[in-house]
Trainee: 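Just dropping this structure here.
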Number of protein chains: 2
Amino acid sequence: MREETLRRREEILKAAMATFGSKGYHNGPLAEIAEQVDMTHAGILHHFGSKDHLLLEVLRYRDESDVAGLDGQHIPGGIDMFRHLVRTAFLNAQRAGIVQTYAVLSAESVTDDHPARAFFEGRYRTLRSEAVEAFEALCAERGVAVPASVRHASASILAVMDGLQVQWLLDPTQVDLGEASQFAIEAIVAAVLDPRPSPLGADGTGSVEQQPVAVDGVVPAEAAGQPVGA
Amino acid sequence: MREETLRRREEILKAAMATFGSKGYHNGPLAEIAEQVDMTHAGILHHFGSKDHLLLEVLRYRDESDVAGLDGQHIPGGIDMFRHLVRTAFLNAQRAGIVQTYAVLSAESVTDDHPARAFFEGRYRTLRSEAVEAFEALCAERGVAVPASVRHASASILAVMDGLQVQWLLDPTQVDLGEASQFAIEAIVAAVLDPRPSPLGADGTGSVEQQPVAVDGVVPAEAAGQPVGA
DNA sequence: GCCAACTTACTGACTGCACGGTAAGTTCTC
DNA sequence: GAGAACTTACCGTGCAGTCAGTAAGTTGGC
(Lines give C-alpha, C1' and ligand atoms only; values in the text may rest on other atoms or scores of the structure.)
Protein backbone atom coordinates (compact mmCIF):
# COMPACT_ATOMS: atom_id res chain seq x y z
CA MET A 1 0.00 0.00 0.00
CA ARG A 2 2.94 2.24 -0.34
CA GLU A 3 1.71 3.67 -3.62
CA GLU A 4 -1.67 4.43 -2.12
CA THR A 5 -0.05 6.11 0.87
CA LEU A 6 1.90 8.44 -1.34
CA ARG A 7 -1.26 9.38 -3.16
CA ARG A 8 -3.01 10.01 0.12
CA ARG A 9 -0.27 12.30 1.34
CA GLU A 10 -0.41 14.21 -1.89
CA GLU A 11 -4.12 14.72 -1.35
CA ILE A 12 -3.39 16.05 2.11
CA LEU A 13 -0.77 18.42 0.77
CA LYS A 14 -3.20 19.81 -1.77
CA ALA A 15 -5.89 20.21 0.82
CA ALA A 16 -3.42 21.96 3.09
CA MET A 17 -2.50 24.35 0.29
CA ALA A 18 -6.13 25.24 -0.12
CA THR A 19 -6.73 25.84 3.57
CA PHE A 20 -3.49 27.71 4.22
CA GLY A 21 -4.23 29.79 1.15
CA SER A 22 -7.72 30.76 2.13
CA LYS A 23 -7.14 31.19 5.86
CA GLY A 24 -3.41 31.55 6.35
CA TYR A 25 -1.26 29.18 8.33
CA HIS A 26 -2.04 30.20 11.89
CA ASN A 27 -5.72 30.57 11.20
CA GLY A 28 -6.07 27.46 9.08
CA PRO A 29 -7.05 24.52 11.26
CA LEU A 30 -5.88 20.97 10.67
CA ALA A 31 -9.46 19.81 11.02
CA GLU A 32 -10.45 21.68 7.88
CA ILE A 33 -7.64 20.08 5.94
CA ALA A 34 -8.61 16.69 7.29
CA GLU A 35 -12.22 17.14 6.33
CA GLN A 36 -11.31 17.68 2.68
CA VAL A 37 -9.67 14.28 2.52
CA ASP A 38 -12.23 12.53 4.72
CA MET A 39 -10.04 12.02 7.68
CA THR A 40 -9.72 13.28 11.23
CA HIS A 41 -7.05 15.77 12.15
CA ALA A 42 -5.25 13.06 14.07
CA GLY A 43 -4.85 11.16 10.83
CA ILE A 44 -2.97 14.05 9.34
CA LEU A 45 -0.70 14.26 12.31
CA HIS A 46 -0.03 10.57 11.86
CA HIS A 47 1.36 11.32 8.40
CA PHE A 48 3.15 14.58 9.05
CA GLY A 49 3.93 14.66 12.74
CA SER A 50 3.05 18.27 13.36
CA LYS A 51 1.38 21.22 11.72
CA ASP A 52 4.67 23.03 11.28
CA HIS A 53 6.10 20.05 9.52
CA LEU A 54 3.08 19.82 7.27
CA LEU A 55 3.57 23.42 6.20
CA LEU A 56 7.17 22.81 5.27
CA GLU A 57 6.17 19.74 3.28
CA VAL A 58 3.57 21.79 1.47
CA LEU A 59 6.16 24.31 0.43
CA ARG A 60 8.63 21.64 -0.58
CA TYR A 61 5.95 19.85 -2.55
CA ARG A 62 5.12 22.95 -4.53
CA ASP A 63 8.72 23.55 -5.45
CA GLU A 64 9.14 19.95 -6.47
CA SER A 65 6.16 19.88 -8.78
CA ASP A 66 7.30 23.18 -10.24
CA VAL A 67 10.64 21.76 -11.16
CA ALA A 68 9.00 18.60 -12.46
CA GLY A 69 6.94 20.83 -14.72
CA LEU A 70 9.99 22.25 -16.39
CA ASP A 71 11.31 20.54 -19.50
CA GLY A 72 14.75 20.28 -18.10
CA GLN A 73 15.05 20.84 -14.42
CA HIS A 74 15.97 24.47 -14.25
CA ILE A 75 14.50 27.85 -14.90
CA PRO A 76 15.75 29.16 -18.24
CA GLY A 77 18.51 31.75 -18.21
CA GLY A 78 19.20 34.95 -20.08
CA ILE A 79 16.33 36.71 -21.71
CA ASP A 80 14.28 33.53 -21.56
CA MET A 81 14.05 33.82 -17.82
CA PHE A 82 12.17 37.09 -18.12
CA ARG A 83 9.96 35.70 -20.84
CA HIS A 84 9.31 32.79 -18.55
CA LEU A 85 8.34 35.11 -15.72
CA VAL A 86 5.90 36.97 -17.92
CA ARG A 87 4.37 33.73 -19.06
CA THR A 88 4.09 32.61 -15.47
CA ALA A 89 2.23 35.78 -14.59
CA PHE A 90 -0.32 35.13 -17.30
CA LEU A 91 -0.65 31.56 -16.14
CA ASN A 92 -1.06 32.62 -12.53
CA ALA A 93 -4.05 34.74 -13.48
CA GLN A 94 -5.86 31.44 -13.83
CA ARG A 95 -4.70 29.91 -10.59
CA ALA A 96 -5.97 32.18 -7.88
CA GLY A 97 -5.82 29.43 -5.28
CA ILE A 98 -2.13 28.74 -5.65
CA VAL A 99 -1.29 32.40 -5.99
CA GLN A 100 -3.15 33.17 -2.79
CA THR A 101 -1.37 30.46 -0.88
CA TYR A 102 2.00 31.90 -1.76
CA ALA A 103 0.97 35.50 -1.28
CA VAL A 104 -0.49 34.84 2.15
CA LEU A 105 2.27 32.58 3.37
CA SER A 106 5.15 34.68 2.13
CA ALA A 107 3.88 37.76 3.94
CA GLU A 108 2.91 35.79 7.02
CA SER A 109 6.40 34.36 7.10
CA VAL A 110 7.94 37.69 8.06
CA THR A 111 6.27 37.49 11.47
CA ASP A 112 8.19 36.39 14.54
CA ASP A 113 9.35 32.78 14.56
CA HIS A 114 7.22 31.76 11.62
CA PRO A 115 7.97 28.19 10.54
CA ALA A 116 8.16 29.19 6.88
CA ARG A 117 10.49 32.10 7.36
CA ALA A 118 13.69 30.33 6.41
CA PHE A 119 11.98 28.83 3.41
CA PHE A 120 10.95 32.16 1.94
CA GLU A 121 14.21 33.82 2.83
CA GLY A 122 16.03 31.14 0.90
CA ARG A 123 13.55 31.18 -1.91
CA TYR A 124 13.90 34.88 -2.56
CA ARG A 125 17.64 34.70 -2.26
CA THR A 126 17.78 31.97 -4.89
CA LEU A 127 15.38 33.67 -7.25
CA ARG A 128 17.18 36.98 -6.98
CA SER A 129 20.51 35.44 -7.78
CA GLU A 130 19.02 33.57 -10.71
CA ALA A 131 17.68 36.85 -12.01
CA VAL A 132 21.06 38.49 -11.53
CA GLU A 133 22.66 35.70 -13.55
CA ALA A 134 20.07 36.09 -16.26
CA PHE A 135 20.86 39.79 -16.46
CA GLU A 136 24.57 39.08 -16.60
CA ALA A 137 24.12 36.60 -19.41
CA LEU A 138 21.94 39.07 -21.22
CA CYS A 139 24.47 41.86 -20.88
CA ALA A 140 27.30 39.63 -22.02
CA GLU A 141 25.30 38.60 -25.06
CA ARG A 142 24.73 42.19 -26.01
CA GLY A 143 28.26 43.20 -25.26
CA VAL A 144 27.31 45.82 -22.70
CA ALA A 145 28.84 46.20 -19.27
CA VAL A 146 26.83 44.83 -16.38
CA PRO A 147 25.33 47.84 -14.62
CA ALA A 148 25.14 48.07 -10.84
CA SER A 149 21.39 48.20 -11.12
CA VAL A 150 20.97 44.49 -11.77
CA ARG A 151 20.62 43.68 -8.11
CA HIS A 152 17.88 46.23 -7.67
CA ALA A 153 16.25 45.16 -10.87
CA SER A 154 16.26 41.51 -9.86
CA ALA A 155 14.63 42.18 -6.53
CA SER A 156 12.19 44.57 -8.17
CA ILE A 157 10.98 42.11 -10.75
CA LEU A 158 10.12 39.53 -8.12
CA ALA A 159 8.63 42.27 -5.98
CA VAL A 160 6.36 43.63 -8.64
CA MET A 161 5.04 40.18 -9.44
CA ASP A 162 4.24 39.50 -5.80
CA GLY A 163 2.76 42.91 -5.18
CA LEU A 164 0.52 42.72 -8.20
CA GLN A 165 -0.74 39.38 -7.02
CA VAL A 166 -1.94 40.89 -3.76
CA GLN A 167 -3.75 43.71 -5.52
CA TRP A 168 -5.20 41.28 -8.02
CA LEU A 169 -6.42 38.93 -5.31
CA LEU A 170 -8.10 41.83 -3.53
CA ASP A 171 -9.85 43.02 -6.66
CA PRO A 172 -9.38 41.08 -9.89
CA THR A 173 -11.60 43.50 -11.80
CA GLN A 174 -9.18 46.36 -11.29
CA VAL A 175 -5.85 44.71 -11.99
CA ASP A 176 -4.82 42.65 -14.98
CA LEU A 177 -2.21 40.39 -13.49
CA GLY A 178 -0.65 39.24 -16.74
CA GLU A 179 -0.58 42.52 -18.60
CA ALA A 180 0.58 44.59 -15.65
CA SER A 181 3.35 42.13 -14.82
CA GLN A 182 4.49 42.12 -18.42
CA PHE A 183 4.54 45.89 -18.56
CA ALA A 184 6.57 46.23 -15.37
CA ILE A 185 9.03 43.49 -16.19
CA GLU A 186 9.67 44.97 -19.62
CA ALA A 187 10.13 48.40 -18.11
CA ILE A 188 12.66 47.12 -15.61
CA VAL A 189 14.58 45.00 -18.09
CA ALA A 190 14.72 47.93 -20.49
CA ALA A 191 16.03 50.19 -17.74
CA VAL A 192 18.86 47.76 -17.07
CA LEU A 193 19.86 47.11 -20.68
CA ASP A 194 19.64 50.68 -21.79
CA PRO A 195 19.60 53.15 -18.92
CA ARG A 196 18.17 56.61 -19.35
CA PRO A 197 18.37 59.67 -17.13
CA SER A 198 15.95 59.62 -14.24
CA PRO A 199 12.55 61.03 -15.18
CA LEU A 200 12.25 62.30 -11.63
CA GLY A 201 15.30 64.52 -11.84
CA ALA A 202 17.91 64.79 -9.08
CA ASP A 203 18.35 61.64 -7.07
CA GLY A 204 14.90 61.51 -5.62
CA THR A 205 16.03 60.95 -2.07
CA GLY A 206 14.81 64.36 -1.10
CA SER A 207 17.88 64.99 0.99
CA VAL A 208 18.50 68.32 -0.66
CA GLU A 209 14.99 69.26 -1.61
CA GLN A 210 13.82 72.53 -0.23
CA GLN A 211 10.15 71.75 0.26
CA PRO A 212 9.66 68.39 1.82
CA VAL A 213 6.07 67.46 1.24
CA ALA A 214 5.25 65.29 4.17
CA VAL A 215 7.00 63.08 6.55
CA ASP A 216 10.06 65.23 7.09
CA GLY A 217 7.90 67.65 8.97
CA VAL A 218 6.57 65.05 11.34
CA VAL A 219 8.17 65.24 14.70
CA PRO A 220 7.19 62.40 17.02
CA ALA A 221 9.14 59.55 15.49
CA GLU A 222 6.57 56.86 15.87
CA ALA A 223 3.69 59.09 14.90
CA ALA A 224 5.09 59.59 11.43
CA GLY A 225 3.25 56.87 9.65
CA GLN A 226 3.95 55.65 6.20
CA PRO A 227 2.25 58.11 3.94
CA VAL A 228 1.59 55.84 1.06
CA GLY A 229 2.38 52.70 -0.73
CA ALA A 230 3.50 50.73 2.25
CA MET B 1 -10.65 62.85 32.03
CA ARG B 2 -11.55 62.99 28.40
CA GLU B 3 -8.16 64.21 27.29
CA GLU B 4 -6.45 61.46 29.19
CA THR B 5 -8.75 58.87 27.66
CA LEU B 6 -7.81 59.93 24.16
CA ARG B 7 -4.17 59.61 25.03
CA ARG B 8 -4.77 56.18 26.47
CA ARG B 9 -6.52 54.98 23.36
CA GLU B 10 -3.70 56.23 21.23
CA GLU B 11 -1.29 54.21 23.34
CA ILE B 12 -3.42 51.16 22.76
CA LEU B 13 -3.49 51.76 19.02
CA LYS B 14 0.28 51.99 18.90
CA ALA B 15 0.67 48.86 20.96
CA ALA B 16 -1.77 47.07 18.68
CA MET B 17 0.24 48.13 15.64
CA ALA B 18 3.33 46.62 17.19
CA THR B 19 1.65 43.34 18.04
CA PHE B 20 -0.26 42.96 14.79
CA GLY B 21 2.93 43.79 12.96
CA SER B 22 5.09 41.25 14.69
CA LYS B 23 2.54 38.45 14.95
CA GLY B 24 -0.19 39.22 12.46
CA TYR B 25 -3.79 39.89 13.33
CA HIS B 26 -5.10 36.39 13.98
CA ASN B 27 -2.02 35.37 15.86
CA GLY B 28 -1.64 38.56 17.86
CA PRO B 29 -3.43 38.24 21.20
CA LEU B 30 -5.19 41.11 22.89
CA ALA B 31 -3.40 40.22 26.09
CA GLU B 32 -0.05 41.13 24.55
CA ILE B 33 -1.37 44.49 23.45
CA ALA B 34 -2.85 45.05 26.88
CA GLU B 35 0.40 44.23 28.60
CA GLN B 36 2.24 46.94 26.71
CA VAL B 37 -0.07 49.59 28.13
CA ASP B 38 -0.38 48.02 31.60
CA MET B 39 -3.92 46.90 31.30
CA THR B 40 -5.87 43.67 31.06
CA HIS B 41 -7.31 42.54 27.77
CA ALA B 42 -10.76 43.29 29.11
CA GLY B 43 -9.75 46.93 29.43
CA ILE B 44 -9.00 47.05 25.74
CA LEU B 45 -12.33 45.53 24.89
CA HIS B 46 -13.91 48.19 27.05
CA HIS B 47 -12.41 50.84 24.80
CA PHE B 48 -12.80 49.18 21.42
CA GLY B 49 -15.61 46.70 21.75
CA SER B 50 -14.01 43.86 19.83
CA LYS B 51 -10.71 42.82 18.36
CA ASP B 52 -12.00 43.33 14.83
CA HIS B 53 -13.00 46.84 15.67
CA LEU B 54 -9.62 47.54 17.20
CA LEU B 55 -7.94 46.48 13.98
CA LEU B 56 -10.04 48.83 11.91
CA GLU B 57 -9.28 51.67 14.29
CA VAL B 58 -5.60 50.93 14.01
CA LEU B 59 -5.76 51.21 10.25
CA ARG B 60 -7.82 54.37 10.39
CA TYR B 61 -5.43 55.86 12.91
CA ARG B 62 -2.44 55.26 10.67
CA ASP B 63 -4.11 56.89 7.73
CA GLU B 64 -5.12 59.85 9.84
CA SER B 65 -1.66 60.50 11.18
CA ASP B 66 -0.27 60.12 7.69
CA VAL B 67 -2.51 62.83 6.38
CA ALA B 68 -1.73 64.97 9.38
CA GLY B 69 1.94 64.61 8.49
CA LEU B 70 1.47 66.15 5.09
CA ASP B 71 1.88 69.88 4.73
CA GLY B 72 -1.44 70.34 3.10
CA GLN B 73 -3.75 67.41 3.39
CA HIS B 74 -3.14 65.55 0.19
CA ILE B 75 -0.50 63.56 -1.53
CA PRO B 76 1.24 65.70 -4.13
CA GLY B 77 0.25 65.22 -7.76
CA GLY B 78 2.11 65.01 -11.04
CA ILE B 79 5.76 64.13 -10.94
CA ASP B 80 5.91 65.09 -7.28
CA MET B 81 3.83 62.08 -6.41
CA PHE B 82 6.50 59.76 -7.70
CA ARG B 83 9.21 61.73 -5.97
CA HIS B 84 7.14 61.47 -2.84
CA LEU B 85 6.89 57.70 -3.22
CA VAL B 86 10.62 57.35 -3.61
CA ARG B 87 11.20 59.49 -0.56
CA THR B 88 8.73 57.39 1.36
CA ALA B 89 10.59 54.24 0.41
CA PHE B 90 13.83 55.66 1.79
CA LEU B 91 12.02 56.72 4.93
CA ASN B 92 10.42 53.32 5.33
CA ALA B 93 13.84 51.72 5.40
CA GLN B 94 14.11 53.17 8.88
CA ARG B 95 10.72 52.09 10.12
CA ALA B 96 10.70 48.34 9.95
CA GLY B 97 7.93 48.06 12.51
CA ILE B 98 5.40 50.09 10.61
CA VAL B 99 6.40 48.57 7.32
CA GLN B 100 5.92 45.10 8.74
CA THR B 101 2.50 45.92 10.09
CA TYR B 102 1.28 46.97 6.70
CA ALA B 103 3.02 44.21 4.81
CA VAL B 104 1.63 41.51 7.08
CA LEU B 105 -1.85 42.91 7.34
CA SER B 106 -2.29 43.69 3.66
CA ALA B 107 -1.42 40.15 2.64
CA GLU B 108 -3.39 38.63 5.49
CA SER B 109 -6.38 40.66 4.37
CA VAL B 110 -6.82 38.62 1.19
CA THR B 111 -7.89 35.63 3.28
CA ASP B 112 -11.56 34.72 3.63
CA ASP B 113 -13.68 37.18 5.58
CA HIS B 114 -10.75 39.11 6.91
CA PRO B 115 -11.90 42.21 8.78
CA ALA B 116 -9.37 44.44 7.01
CA ARG B 117 -10.19 43.25 3.52
CA ALA B 118 -12.44 46.15 2.58
CA PHE B 119 -9.92 48.57 3.98
CA PHE B 120 -7.07 47.38 1.82
CA GLU B 121 -9.26 46.98 -1.22
CA GLY B 122 -10.28 50.61 -0.91
CA ARG B 123 -6.80 51.72 -0.08
CA TYR B 124 -5.26 50.21 -3.19
CA ARG B 125 -8.08 51.47 -5.33
CA THR B 126 -7.53 55.00 -4.09
CA LEU B 127 -3.78 54.89 -4.43
CA ARG B 128 -3.97 53.47 -7.92
CA SER B 129 -6.31 56.16 -9.08
CA GLU B 130 -4.13 58.84 -7.52
CA ALA B 131 -1.19 57.42 -9.42
CA VAL B 132 -3.22 57.38 -12.62
CA GLU B 133 -4.07 61.04 -12.10
CA ALA B 134 -0.45 61.85 -11.46
CA PHE B 135 0.49 60.19 -14.72
CA GLU B 136 -2.22 62.05 -16.56
CA ALA B 137 -1.06 65.38 -15.17
CA LEU B 138 2.48 64.49 -16.09
CA CYS B 139 1.55 63.58 -19.64
CA ALA B 140 -0.50 66.73 -20.08
CA GLU B 141 2.39 68.83 -18.85
CA ARG B 142 4.72 67.26 -21.38
CA GLY B 143 2.18 67.41 -24.13
CA VAL B 144 2.20 63.70 -24.81
CA ALA B 145 -0.86 61.51 -25.19
CA VAL B 146 -1.80 59.43 -22.17
CA PRO B 147 -0.76 55.88 -22.97
CA ALA B 148 -2.91 52.91 -22.06
CA SER B 149 -0.13 51.67 -19.87
CA VAL B 150 -0.79 54.11 -17.06
CA ARG B 151 -3.15 51.73 -15.30
CA HIS B 152 -0.61 48.94 -15.34
CA ALA B 153 2.13 51.32 -14.34
CA SER B 154 0.14 52.66 -11.41
CA ALA B 155 -0.59 49.22 -10.03
CA SER B 156 3.00 48.18 -10.67
CA ILE B 157 4.53 51.03 -8.76
CA LEU B 158 2.52 50.25 -5.66
CA ALA B 159 3.20 46.57 -6.18
CA VAL B 160 6.93 46.92 -6.42
CA MET B 161 7.07 49.00 -3.25
CA ASP B 162 5.08 46.40 -1.34
CA GLY B 163 6.95 43.46 -2.76
CA LEU B 164 10.33 44.96 -1.98
CA GLN B 165 9.21 45.54 1.57
CA VAL B 166 8.54 41.84 2.06
CA GLN B 167 11.93 40.86 0.67
CA TRP B 168 13.60 43.53 2.72
CA LEU B 169 11.87 42.44 5.92
CA LEU B 170 12.97 38.86 5.30
CA ASP B 171 16.58 39.84 4.72
CA PRO B 172 17.57 43.49 5.01
CA THR B 173 21.18 42.71 4.15
CA GLN B 174 20.25 41.57 0.65
CA VAL B 175 17.81 44.26 -0.41
CA ASP B 176 18.24 48.02 -0.31
CA LEU B 177 14.66 49.16 0.10
CA GLY B 178 15.22 52.78 -0.86
CA GLU B 179 17.54 52.31 -3.81
CA ALA B 180 15.66 49.39 -5.30
CA SER B 181 12.33 51.21 -5.02
CA GLN B 182 13.81 54.26 -6.65
CA PHE B 183 15.25 52.24 -9.49
CA ALA B 184 11.97 50.45 -10.19
CA ILE B 185 9.81 53.53 -9.95
CA GLU B 186 12.06 55.44 -12.31
CA ALA B 187 12.06 52.53 -14.73
CA ILE B 188 8.29 52.36 -14.74
CA VAL B 189 7.74 56.10 -15.02
CA ALA B 190 10.23 56.24 -17.88
CA ALA B 191 8.43 53.42 -19.66
CA VAL B 192 5.19 55.34 -19.48
CA LEU B 193 6.52 58.73 -20.55
CA ASP B 194 8.69 57.44 -23.32
CA PRO B 195 7.79 53.92 -24.38
CA ARG B 196 10.33 51.72 -26.11
CA PRO B 197 9.94 48.43 -27.92
CA SER B 198 9.76 45.43 -25.62
CA PRO B 199 13.21 44.08 -24.76
CA LEU B 200 11.62 40.63 -24.60
CA GLY B 201 10.49 40.68 -28.21
CA ALA B 202 7.08 39.46 -29.39
CA ASP B 203 4.29 39.91 -26.88
CA GLY B 204 5.68 37.70 -24.20
CA THR B 205 2.48 35.77 -23.62
CA GLY B 206 4.02 32.73 -25.14
CA SER B 207 0.87 31.92 -27.03
CA VAL B 208 2.73 31.53 -30.28
CA GLU B 209 6.10 30.48 -29.00
CA GLN B 210 7.36 27.24 -30.39
CA GLN B 211 9.32 26.03 -27.41
CA PRO B 212 7.45 26.56 -24.19
CA VAL B 213 9.95 26.17 -21.45
CA ALA B 214 7.93 25.04 -18.53
CA VAL B 215 4.41 25.12 -17.34
CA ASP B 216 2.76 24.39 -20.64
CA GLY B 217 4.04 20.88 -20.41
CA VAL B 218 2.43 20.23 -17.09
CA VAL B 219 -0.63 18.10 -17.33
CA PRO B 220 -2.50 17.63 -14.05
CA ALA B 221 -4.06 21.01 -13.68
CA GLU B 222 -3.64 21.47 -9.97
CA ALA B 223 -0.22 19.88 -9.93
CA ALA B 224 1.17 22.60 -12.15
CA GLY B 225 2.56 24.82 -9.48
CA GLN B 226 3.77 28.31 -9.91
CA PRO B 227 7.23 27.93 -11.26
CA VAL B 228 8.62 31.08 -9.92
CA GLY B 229 7.96 34.49 -8.54
CA ALA B 230 4.53 33.81 -7.15
C1' DG C 1 -18.74 73.89 48.81
C1' DC C 2 -20.94 69.57 49.45
C1' DC C 3 -23.30 65.59 48.69
C1' DA C 4 -26.04 62.53 45.80
C1' DA C 5 -26.63 60.51 41.22
C1' DC C 6 -24.48 58.97 37.54
C1' DT C 7 -20.61 57.82 34.19
C1' DT C 8 -16.14 56.21 32.88
C1' DA C 9 -12.27 53.23 33.19
C1' DC C 10 -11.03 49.76 34.38
C1' DT C 11 -10.02 44.54 37.03
C1' DG C 12 -10.64 39.69 37.95
C1' DA C 13 -12.91 35.80 37.44
C1' DC C 14 -15.21 33.03 34.43
C1' DT C 15 -17.20 30.83 30.07
C1' DG C 16 -16.82 28.63 26.00
C1' DC C 17 -14.66 27.31 22.15
C1' DA C 18 -11.06 26.24 18.84
C1' DC C 19 -7.22 23.82 18.19
C1' DG C 20 -2.70 21.09 18.33
C1' DG C 21 -1.00 17.21 20.14
C1' DT C 22 -1.06 12.45 22.48
C1' DA C 23 -2.29 7.85 23.64
C1' DA C 24 -4.71 3.73 23.17
C1' DG C 25 -7.33 0.94 20.51
C1' DT C 26 -9.05 -0.98 15.81
C1' DT C 27 -8.82 -2.47 11.14
C1' DC C 28 -6.61 -3.42 6.99
C1' DT C 29 -2.69 -4.96 4.21
C1' DC C 30 1.33 -7.39 3.18
C1' DG D 1 1.51 -11.24 13.10
C1' DA D 2 3.66 -7.02 12.24
C1' DG D 3 3.32 -2.70 10.99
C1' DA D 4 0.97 0.99 8.63
C1' DA D 5 -3.18 3.68 8.50
C1' DC D 6 -6.08 5.27 10.66
C1' DT D 7 -10.22 6.57 14.67
C1' DT D 8 -11.96 7.83 19.15
C1' DA D 9 -11.27 9.97 23.15
C1' DC D 10 -9.01 13.06 25.72
C1' DC D 11 -5.83 16.76 27.56
C1' DG D 12 -4.04 21.36 27.84
C1' DT D 13 -3.72 25.70 26.22
C1' DG D 14 -4.66 30.01 24.20
C1' DC D 15 -7.79 33.28 23.58
C1' DA D 16 -12.01 36.42 22.66
C1' DG D 17 -15.74 37.94 24.85
C1' DT D 18 -19.07 38.52 29.14
C1' DC D 19 -20.15 40.17 33.47
C1' DA D 20 -20.23 41.82 38.06
C1' DG D 21 -17.90 44.72 40.88
C1' DT D 22 -14.93 48.82 42.22
C1' DA D 23 -12.64 53.07 42.31
C1' DA D 24 -12.11 57.42 40.39
C1' DG D 25 -13.98 61.00 38.32
C1' DT D 26 -18.00 64.30 36.60
C1' DT D 27 -22.27 66.67 36.91
C1' DG D 28 -26.26 68.86 39.01
C1' DG D 29 -29.02 70.53 42.85
C1' DC D 30 -29.00 73.23 46.75
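Below, chains carry the letters A, B, ... as their sequence lines are ordered, and counting in each starts from 1.
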Trainee: Between Lys51(B) and Tyr25(B), is NZ or CZ placed under 6.0 angstrom from the six-membered ring centre and within 45° of the ring axis?
Mentor: yes

Trainee: Rounded to whole angstrom units, what separation is found between the NE2 atom of His53(B) and the C1' atom of dA16(D)?
Mentor: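 Rounded to the whole Å, the gap is 16 Å.
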
Trainee: Please report, rounded to the nearest Å, how far the P atom of dT26(D) is from the CD atom of Glu4(B).
Mentor: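 Value for this atom pair: 11 Å.
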
Trainee: Does dC6(D) have its OP1 or OP2 closer than 4.0 Å to a side-chain nitrogen or oxygen of Arg8(A)?
Mentor: yes

Trainee: Can you check the Glu11(A) CD to dA5(D) P distance for me, whole Å?
Mentor: 13 Å

Trainee: So is Lys14(A) actually on top of Tyr61(A)'s ring, under 6.0 Å and inside 45° of the axis?
Mentor: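 Negative - Lys14(A) is either too far from the ring of Tyr61(A) or too far off its axis.
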
Trainee: Does His114(B) have its ring centroid less than 6.0 Å away from the ring centroid of Phe120(B)?
Mentor: no

Trainee: Could you check how far NE2 of His47(A) sits from P of dA5(D), rounded to whole Å?
Mentor: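 Those two atoms, NE2 and P, are 6 Å apart.
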
Trainee: Tell me whether the rings of Phe183(A) and His152(B) are parallel (<30°), tilted (30 to 60°) or perpendicular (>60°).
Mentor: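 The rings of Phe183(A) and His152(B) sit tilted, inter-plane angle from 30° to 60°.
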
Trainee: To the nearest Å, give me how far apart CZ (Phe48(A)) and P (dC19(C)) are.
Mentor: 20 Å

Trainee: For the pair Asp112(A) and Lys23(B), evaluate salt bridge (Lys or Arg N to Asp or Glu O under 4.0 Å) and give the outcome as yes or no after the intermediate values.
Mentor: CA-CA 6 Å; Asp112(A) 298 350; Lys23(B) 307 238 188 134; 6.0 Å; no

Trainee: Answer yes or no: does a side-chain N or O of Thr5(A) lie under 4.0 Å from OP1 or OP2 of dA5(D)?
Mentor: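 Yes, such a contact exists.
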
Trainee: Leu54(B) CG to dG17(D) P: how many Å, rounded?
Mentor: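 From Leu54(B) CG to dG17(D) P: 10 Å.
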
Trainee: Walk me through it: do Tyr124(B) and Asp162(B) pass the test side-chain hydrogen bond (donor to acceptor under 3.5 Å, both in side chains)?
Mentor: CA-CA 11 Å; Tyr124(B) 281 116; Asp162(B) 290 351; 2.5 Å; yes

Trainee: Quick one, which residues of residues 23-41 of chain B touch DNA chain C with a heavy atom under 4.0 Å?
Mentor: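 Going residue by residue through residues 23-41 of chain B, the ones with a heavy atom under 4.0 Å of DNA chain C turn out to be Asp38(B), Met39(B), Thr40(B).
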
Trainee: Should His46(A) be listed as having a side-chain N or O under 4.0 Å from OP1 or OP2 of dA4(D)?
Mentor: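 Checking dA4(D) against His46(A), no side-chain N or O comes under 4.0 Å of OP1 or OP2.
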
Trainee: Once you round it to whole Å, what is the distance between C1' of dT18(D) and CD1 of Ile44(B)?
Mentor: 16 Å

Trainee: Atom NZ of Lys51(B) to atom P of dG14(D): distance rounded to whole Å?
Mentor: 15 Å

Trainee: Under 3.5 Å, which donor-acceptor pairs link side chains of residues 39-48 of chain B to any protein atom two or more places apart or in another chain?
Mentor:
{"from": "His47(B)", "atom 1": "ND1", "to": "Arg9(B)", "atom 2": "NE", "distance (Å)": "2.9"}
{"from": "His47(B)", "atom 1": "ND1", "to": "Arg9(B)", "atom 2": "NH2", "distance (Å)": "3.3"}

